[in-house]
**Student:** 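One structure, pasted below without further comment.
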There are 2 protein chains.
Amino acid sequence: MQIQGIQKILREKGLKVTPQRVAILGALHEMHNHPTAEMIIEHIRETYPNIAMGTVYNILETFVRHGIVNKVNTDEDAMHYDGVTSMHHHLYSPETGQIEDYMDEQLNKMLTDYFQEKNITNFEIEKISLQIKGKFINN
Amino acid sequence: MQIQGIQKILREKGLKVTPQRVAILGALHEMHNHPTAEMIIEHIRETYPNIAMGTVYNILETFVRHGIVNKVNTDEDAMHYDGVTSMHHHLYSPETGQIEDYMDEQLNKMLTDYFQEKNITNFEIEKISLQIKGKFINN
DNA sequence: TCTTAAATAAGAATTATTACAAATTAAAAA
DNA sequence: TTTTTAATTTGTAATAATTCTTATTTAAGA
């Protein structure tokens, strides 16, 4: 995505367009490896050397609040982040920490349909996602 | 579960039966609220006042490694733990932090069947679980 | 009962994240 | 374009969660 696209997303959410925000959202759209705050800092330091730690955490939290970034929680202590907000799932290896997107429209439909019929009392569903734990083979 | 049941689980895994381990696994089987290490300590302090922090973390990690306890990861920083290891899912409210078990045999079958057919290349599935995010109503 | 490898205690150290106050800046208004 | 102002960022300190380390204790087999 070009920088204009990033800026558009921020404006649509009523967020001020700052270089730090553009850099972080850009990084998340480039990276695709569900990075932690640390990994994002490392990535954007190349083009933006002086960004403050706290700013990264702060901006990520803002993005999550506005629904343009999702948290990806794993068995590790550090939080991972995801720039893809459309419905999808994750393959996750606790041994290596590797996380891969698992996109599957057929599965999405199956789950959405299932929960449309099934009525869970006392709970309003906002988002469902599958964590598929196991081992990556051949890498 | 009685204490003998707890001891049996530990022995079957080749783990030494210590009072600390019995207390922690017992607590997890009693609590059903997916407690953090802190919450477990608080709970067992009543009957076991002098347990060390580090011991709790250490024991929980051992239990997870032996598959008798699972980690439940949320958007929060502190890890949650679950004494129920059979296939089930979680309703989770990021706003309040509340986590409830969602048991559904029909869903389990649907998912298991689906992934039995569907062959994900390069990945060997060990466990699948759904995180259902949203809001608890009326409480 | 004795022995020993394994487990626990206590507290220090580390890591991830948040909080705070001062300085800066994006964007609206003039 | 300049000014204004509220929002944002910085830098650093503080906190929270977890891990590490070493000495001590203990469960369980011989």
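Throughout, a chain's letter reflects where its sequence line sits, starting with A, and its residues are numbered from 1. Just so it is clear, the model here is predicted, and its values are computed rather than measured. Values below: every heavy atom of this structure, side chains too, minus hydrogens, waters and symmetry copies.
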**Student:** Do the side-chain N or O atoms of Y57(A) get closer than 4.0 angstrom to the phosphate oxygens (OP1, OP2) of dT17(C)?
**Tutor:**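 It does, given that an N or O in the side chain of Y57(A) lies less than 4.0 Å from OP1 or OP2 of dT17(C).
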**Student:** Which heavy-atom pair separates T112(A) from N108(A) by the least distance, and what is that distance?
**Tutor:**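 Nearest pair, atom of T112(A) first, then N108(A): OG1-O, 2.7 Å.
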**Student:** For the pair made of CD1 in I41(B) and C1' in dA17(D), what is the distance, rounded to whole Å?
**Tutor:**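 Answer to the nearest Å: 11 Å.
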**Student:** Which residue, I59(B) or D77(B), contacts DNA chain C at a nucleotide closer to its 5' end, judged by nearest heavy atom?
**Tutor:**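 So the residue in question is I59(B).
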**Student:** Is the distance between the ring centroids of H88(A) and H90(A) less than 6.0 Å?
**Tutor:** yes
**Student:** For a quick check of understanding: with a heavy-atom distance under 4.0 Å over all strands, which category does M53(A) fall into, base, sugar-phosphate or nothing?
**Tutor:** nothing
**Student:** Specify the separation, in whole Å, of atom CD1 of I40(B) and atom C1' of dA17(D).
**Tutor:** 14 Å
**Student:** Show your working on salt bridge (Lys or Arg N to Asp or Glu O under 4.0 Å) between R65(B) and E61(B) and close with a plain yes or no.
**Tutor:** CA-CA 6 Å; R65(B) 251 196 340 270; E61(B) 199 51 44; 5.2 Å; no
**Student:** Return the value, rounded to whole Å, for the distance between atom NZ of K71(A) and atom C1' of dA16(C).
**Tutor:**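 To the nearest whole Å, that distance equals 12 Å.
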**Student:** M79(A) has an atom CE; how far is it from atom P of dA16(D), in whole Å?
**Tutor:**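 Going from M79(A) (CE) to dA16(D) (P), I get 18 Å.
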**Student:** Which of these nucleotides, dA17(D), dT17(C), dT10(D), is closest to any side-chain atom of A78(A)?
**Tutor:**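 Shortest atom-to-atom distance from the side chain points to dT17(C).
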**Student:** In residues 6-23 of chain B, what residues come within less than 4.0 Å of DNA chain C, judged by heavy atoms?
**Tutor:**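 Those residues are K16(B), T18(B), Q20(B), R21(B).
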**Student:** If you define the side chain from C-beta out and look only at heavy atoms, does anything of K16(A) sit under 4.5 Å from R11(A)?
**Tutor:**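 Side chain of K16(A) against side chain of R11(A), heavy atoms only: no contact under 4.5 Å found.
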**Student:** What residues, two or more places apart in sequence or in another chain, satisfy ring-ring contact (aromatic ring centres under 6.0 Å, His included) together with F123(A)?
**Tutor:**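 Listed in chain order: F136(B).
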**Student:** What are the two closest heavy atoms between G97(B) and E76(B), and how far apart are they?
**Tutor:** CA-OE2, 3.3 Å
**Student:** Using whole Å, what does the distance between atom P of nucleotide dT8(D) and atom CD1 of I24(A) come to?
**Tutor:**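 Going from CD1 in I24(A) over to P in dT8(D) covers 13 Å.
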**Student:** Could you tell me the separation between the CG atom of D75(A) and the C1' atom of dA16(C), rounded to a whole number of Å?
**Tutor:**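 Atom CG in D75(A) sits about 17 Å away from atom C1' in dA16(C).
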**Student:** Nearest whole Å is fine: how far is dA17(D) P from L60(B) CG?
**Tutor:** 14 Å
**Student:** Output the single nucleotide from dT8(C), dT19(D), dA16(C) whose closest atom is nearest the side chain of N58(B).
**Tutor:** dT8(C)
**Student:** Regarding D82(B) and K71(B), does a basic nitrogen lie under 4.0 Å from an acidic carboxylate oxygen?
**Tutor:**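 Not counted as a salt bridge, because no side-chain N and carboxylate O are separated by less than 4.0 Å.
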**Student:** How many whole angstroms separate atom CD of E42(B) from atom P of dA17(D)?
**Tutor:**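 Nearest whole value for this atom pair: 12 Å.
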